[in-house]
Amino acid sequence: MIRHRGVHRRVAFLLFLVGTSAGIAATARAREPLTIEPDPPKTYREAHEILYGDDEGGIQDYLRKATCGGYTDTSAADSVPKVDGLPGRPGKWDGALWSGMGTREDTNGNKNEDDDYVFPDATDGLSLARFDKSKECAAIYEKLKGDERTPGCTSPDDCGQKCREANEVTYDVSLTVKECVHEIKDEEGNIKEERYDSSDEAYYEKRGEQGSFNCRTCISGDKEGGQRQESVGKKYHCTGDPDEAASGILSVPYGWVWGDKDQSAIRLSAACKRFWVREEMEYPNCTSCGYKWPPGEAREETPGLECRCGSGDPGGKSGCRSTQRMSPLNGAHYESFARSYKGTYTRDATVITTDPPEVTSQPAEVYCYGFYEEFDPRKRRTDVHDQRCILDIDVSELDVQTRPEQRIVQRGPDPGDRDQQREHPSGDFDQLKDPFFFSLGGAFSLMNYNALKNGWIPTILSVDQARLTATKQNENSSYAKSGIGRAFDHTGTGRTIVRWWQRQQTLAQKIFRPPVVHVLLPDISRSIETGSGVIGIPDRRSSSIDVQIGAETSLLDAVVDGLQQMFRMSLYEEPIPVVVPLGSPVEYRALAEKWCLWWMQRNGTTSCDSAPESVRSLISRFDEYADHIDDVRMLRAQLVRHLAAVLALQQDIFSPILAWMTSIASNMQTLAAQQSIMYSLLPLLQEVTKEQQTFTEDILFPWCKNDRFTTPVYSLLDPWLPGRAADGSVREQTLKGGLPSLPESILPTDLVLDLSELELPSQGLTVPVLKPIQVRLALENYEPPSIDESNPDIPSPPPSLPSVAPIVAAMSEAAASLTRPTVSVVNPPAVPTFPVPLNELYRQRTEVALQEILETLKKRSEAYRKFWESIGPLPDDSGKDNEEDKKAHKCEERGEKACLHVEMDLLERLQLIGAPPGVLRPEDRESWSIGRISPGGCLPEDDACDILHPENVPARTGWRVLRPSEFYQSTVWDTLRTRVRAPFLPKPLGDLSTQDSLPFAPQSSDLPPALVLPEKIILSPASSSSSNSL
Amino acid sequence: MRRTSLFVIALAVPFTAASATPAALETDPCLVSTRALMGKEQRFLHTVVFGQPAASLARTGSVRYDKSGNSWVKTRSNTWLTLASGFQNTTYSDQQMESQSEHAKRRGLLEVRQSLTSELVPPLAQSLRAFRCRLAAICALADESEQSTSSSLTISVDGCYPRTEKRLTSCTFRSRDPAPARTAVLQQCADDASQTFAQESALLEATIAYDASYRTLLQIAGGFDAFFEDLRDPLLSPLRSAARAIGELQRIPCFLSECHE
C-alpha cells in the first residue's frame, strides 16, 4: 500500500479540525457525517446534552471516533507485530528504515533473505497419498485438487468427508493369491516343502522362520483348478502396488485397509487362502498430517512438518517423509490438501487507552484448501489459484482512539525560548484552559481539545482573533525539515508503485499546467495625470506588483481598447483670431442698384451703362462686394481639414502599434484555444486522483493504523499490477508494457508581456481654430447723394475685398506641417514568440494513458478492498457478508469473499493486520524524505513536483510619441496668426496699405483688441514656472 | 487639467449701445472721453482680477493699451505694433511697451494659488465696489469738468474715497452745447456706467463660478494624487502580503496523498 505519511489525518465532519497545537490526526474510512436534529431543542438541558453530552453518537463521541493519531515513545522495534504459527518469511523491521517498509530477515545467516521460509510446528491438516501409477489414485488426486477456481474440498467438514471417501473408494482388482512354498532343509539335506496360501494366517507365522519362501501365483494351472477373479475388499490401495511382479510388493491389501476382513466377500479357493498376506502397518490413502504432541511431551520431531509436503517440494526441507508414519512402502508421499494453522501476533501497546484497552495480540485461525505448493511470492507471481486460505481473526476491536495527551506531536512554543517569545506574547495562552491559541502553533489545528470541554461556543466566536505563529520543530536547526514521510508500497525497497505514481503526478502537473502569458499592466497612478509631473526618487512602494487577476481573453481585448484610448492624443485648441468683414450681399446689391437708379433718375436714362466711370466703378465695386462678401465662409472648412490631417497622423503613428497588439491578441486567442484542448481531460484526471485518494485514505484504512516497517506482502500485488512478471520481478516498464504512463512533455516557457513601462504622451496635440471676428463695413458714406444735387460728390469706390485664399492657404500649410518631418515608426518591436501548448495528439495519448491508469488503480483498489473485507466485519461494518464464511472456514470459490489469502505469506499478512495504531513512533522519522535539492529536478522516489515554468521576458521595447516641442509649436502659431491677419488688416498688423484698408465701422485703431488671445493662468501648486507662490 | 485657461471675454471695445444712444450722442466728444475713461477703468479692473504680466512675459497676441489709449498688439517676441494713426510705422519693444503701458504689471486676484475661491471673494467684491466708485467718479468728473475750471478736480462720490482727476476738457458744454444736450450726455454717461457695471459684475459672477469649480476640481485632483500615493502602501502592502501568504500556503505540504481537489 502506499502512504505518504506515517501518521494520517482524518477529516472530521464539523468545520474545524480537532487536535491540539500540532496534533496531526489521521484519516478514517469515509465516515458518515454527523447529523443533528433539525428541530431546535426546547430546553437548555436538551441543548446542553446535544452540545456537551457524551452519548453514543453525540458530538463528543463522534469527534473522538473521528480522530486518531499522535505520537508515542514506543519504539517500532516493539510495536511492529511479531507473528507466530503461520507460514511465511519473518521480517526485519529495521532492514531498510529509509524505505518505510521492513525487509525479510535472513535468519540462517547465509546472506540470502529469501530462503528463510518458516513452517509452523503446530500445523495440522489432511494428506493424500500421491501415486500416479494407479489411475484410480490419480483420479482421486485430481478430484481433490479441484480446479483454478474451486478447491477440491471447501470446508473442514467437507475435507474430512472427502478424506473418508478416499479411504473407502472401491476398485476392482484381480486378486492374485499366491501359493507360497516354504522349503526347509532338514538335517539330512532333504528339502521339505510346505505350502501356504498367501492369505493364510499360518503364512504369517511361518514367514519369520528359516528357509526360503517362494511365492508364486496360484492362479493358472494349479491343481486346485482355476481361480476366479473377484472383487476384493472395499478399500483403495494407493498405498499398495498392483504390479507386484515388478515391485516385489505384495498386492494383497494391507492392514486395516481391509476393515471388515472377516466379512469380506472374498471368494477364493481354499487353496489360495493360505497365501493371504496381511501387513500390520497402516497406510491409508488419506490421513491426517501434523501430529499433536500431548502437552508435556518432548518433541523429537516437528510433526507439523508432515503437512509441508506438496508438488512444489523444495527437496530436503519438505515434510513428505519426515515421519515414519507418513512413509508408505511404495514411495508415494502424502501430500496435504487441507491445512490449518494457529497464528498469533503480538506487539507492544502504543497508545494510552483505558477502556477498552488496546488490542496488542490476537489469534488467527487459518484454513487453506488445496494441495500444498511452496514458492516465494516475491519470485513468482500469484494468481487466483493461489488464493486459497481463510483468515479467521476478529478485527472488530482493533480500532482505538488516542488520548488527547498523546496527540501532541510537535511541542508548542517553548516558554524559555526568547525567539519564540517574540513571536507571540507570553502568558497569553494557557494550554489547559484556553480554547484557542491566539498565536497558532504552526499547524492546521486551531483548537485545544482540552478546552473543548469548557464549551464549544467560544471556539466558534473567537476564530478571527487567531494569529499564525511559526514555531521551531523539535530540532535544533532553524530550517524546517520537510516533514514528508516516505510513501511505501508492497514492492518493498524498490517502491516501484510509489515511484511510478509520484512520477505520474509530476507528469500530470506538467501536462495540465499549460503555458501562460503574463501581461503586466501599467501602474494605476500613471494613467491619471494630475499635472504635478514631479518625478522624485522612485519609491520602493511604487514598484510594480504582480497580482494575478484571472485574465481571460476578454481581458486582453479590454487592455487593447484601453491602450488605444490612452494612445489617442488629446487635442487642444489654439485660437487664431481673424478679422473678417461682415456684410450682407443684399445690402451691397441694393447700394449698387441705388447708384444705378440715382444715375438713371438724374439723367432720365433707362440703364446706367452710360454712367461715367466713377459711378460705374462704384456700381461694379458694390457688385463685387456682394459677390465676395460671403467668401469668408470658406474659412469654415479649415478646422475640419485640420482635424482630418490630425487623424491621418494618428493613424500613421498608431497603426504599427495596433498591428503589433492585434497580432499579440490573435496569438493569445490561439493559445487560449489550445489550452482548452487539455482542459477537456480534467474530469478524467479528477477521477484518477479521486481513485487514488479513495485508495490511500479509505481502503487502506480499515481502522487507524500505521503500517510502516511491516514486511511487504508481495502477493497483494497480484493480479492487478502490470509489469509484474511471472517471475515476480516488478518493472515499471517492460517490453510487453508495464505500468501505464502519461506521455512526457517538454516544460513550456511562459511569456511575460511587460506593458508596465507604458509612457503616455503627456501633452496633447494643438489644433489651430479660426476665431473670426466679423466687423461691419461702414458704407454709409457711399450712399448716393440726392438726385437734385448739382455737384454731386461721387466718392471713390471702396477698396476691393481682399481674398481669403491666403488664410486658407496658411491654414492648409499648418495642417501639412503636422507631418513635417515625416512621421516614421522606428524599430517596431517584434512580436514575441508565444509558447506552444500541447496539441491534439498529446491529448489523445494522455487520454488513453489516463484511462489505463484509472483501470489499474481501480483494480488495485478492488484487490485491497477484497483483502480487508475478507476478514470482516471491519469496525465500520463493511465486509459483513464474509463473516459467515470466515467463521465457518468455508472456501467455496478461490479469490472470493473470505477465501482470499495466499498461503505463502500468511505471516506477512497477519503482521499487516496487526499493525499498531496510527501514531508516530520515533523511528518513523527515519523514513522521512530529504526534500528537493535542486529546483529543476524532481526525483520520483520522494517527490511529486509542480515545476513552475521558466519565463521568457523579452527586452523592454516600446513606443514614445514625441510631440513637436512647445517652442516649435509657438513659432508656428505666431507665423500662422501673422499670415491670417494679413489679408484684412492694414499695416503694420496686416498687409493692406492705408488706401486699401477696408472701411470698417469702428476705427481701425479699435480693431486690435479683437485679436487678443486669452492668457493662461496656472493654478497647480507645483509648477516649474512658479516665480512666487503664495 | 494642466494649465487652466481663463478665457477673458475681452470687451475692451467701447460698448456701443446702439438702441439707447442716439446718433448725435455717438460722436459727442465728452461721451467719447468718458467712454475712453470707462474703458480704461474696465481694463484696470481686469488687471486687478486677472492680472497683467510684464510685457516681456506676455504671450504673442496680447493687447496692451498705452497711456494715450492706443491699442498695441504683440505680434512677435519683443515686437508691439499698433494701427493707431501716426504710429503705423512704430514698433515698441517689450521694455518700451512696459513703460508706455496704461496699467503697470500686477498679479491678479484669480492668480492666487493654493487658496479657495471663497477666500478670494472679499477682495473681488471690494474690487467690484471700487470699480463702481470709479465709474461713478467718471460721470461726476464729466459733470464737474463743466462747472469747474481748475485743471485737477477732486471728485467725491458717496461711499467712495475722493479721487483727484484731471479735468475733461471735452466736457465743457457751456462753451459748446446748449444745456439740454448736457443733460442727455450726463444721462448717457450714467447709463453707460450702470450698464458697464452690470456687465462687469455679471461677467465676474460667471468668472468666479468657473474659478470656484476649477479650484474645487484641482483640490479633488490633488486629493486623488495624494490618495494614490498614500493608497499604495495600505492597499498594496496587504496585497503583497496576501500574495506572499497565498504562495506560502501552497508550499505547506499537503497531508493527503493527493492534493487535487
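Every chain is numbered from 1, with letters handed out A, B, ... down the list of sequences.
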Q: Do you know which of B:S77, B:G69, B:S71 has the most heavy-atom pairs under 4.5 Å to chain A?
A: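 Top option by heavy-atom pairs under 4.5 Å: B:S71.
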Q: Looking at B:Q95, I'd like to know if its CD atom is crowded, meaning that more than 12 non-hydrogen atoms belonging to other residues, nucleotides or ligands lie closer than 6.0 Å.
A: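 Counting other residues, nucleotides and ligands, CD of B:Q95 stays at 12 neighbours or fewer.
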Q: Under the side chain to side chain contact (heavy atoms under 4.5 Å, CB included) rule, what do A:R981 and B:T75 come out as? Steps first, then yes or no, please.
A: CA-CA 10 Å; A:R981 268 200 318 260; B:T75 55; 3.1 Å; yes
Q: Grab the two heavy atoms, one from A:P1008 and one from B:V63, that are nearest each other, plus how far apart they are.
A: O-CG2, 3.5 Å
Q: If I measure from the heavy atoms of chain A, does B:R64 come under 4.5 Å with its side chain, its backbone, both, or neither?
A: neither
Q: Give, for atom CG of A:L989 and atom CG of B:L83, the distance between the pair rounded to the nearest 0.5 Å.
A: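 Going from the CG atom of A:L989 to the CG atom of B:L83 covers 4.0 Å.
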Q: Given the options A:L1013, A:D946, A:L1007, which has more heavy-atom pairs under 4.5 Å with chain B than any of the others?
A: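 Greatest number of close heavy-atom pairs with chain B: A:L1013.
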Q: Going from CG on A:L985 to CG on B:L81, what distance comes out if it is rounded to the nearest 0.5 angstrom?
A: 11.5 Å
Q: Side chain, backbone, both or neither: which part of B:T82 has a heavy atom under 4.5 Å from chain A?
A: backbone
Q: Can you tell me how far the NZ atom of B:K74 sits from the CG atom of A:L1011, to the nearest 0.5 Å?
A: 15.5 Å
Q: For B:E205, is the CD atom crowded, meaning more than 12 foreign heavy atoms sit under 6.0 Å from it?
A: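 For B:E205, atom CD is not crowded (no more than 12 foreign heavy atoms under 6.0 Å).
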Q: With a 4.5 angstrom heavy-atom cut-off, could you sort out which part of B:R76 is near chain A: side chain, backbone, both or neither?
A: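 Neither part; nothing is under 4.5 Å.
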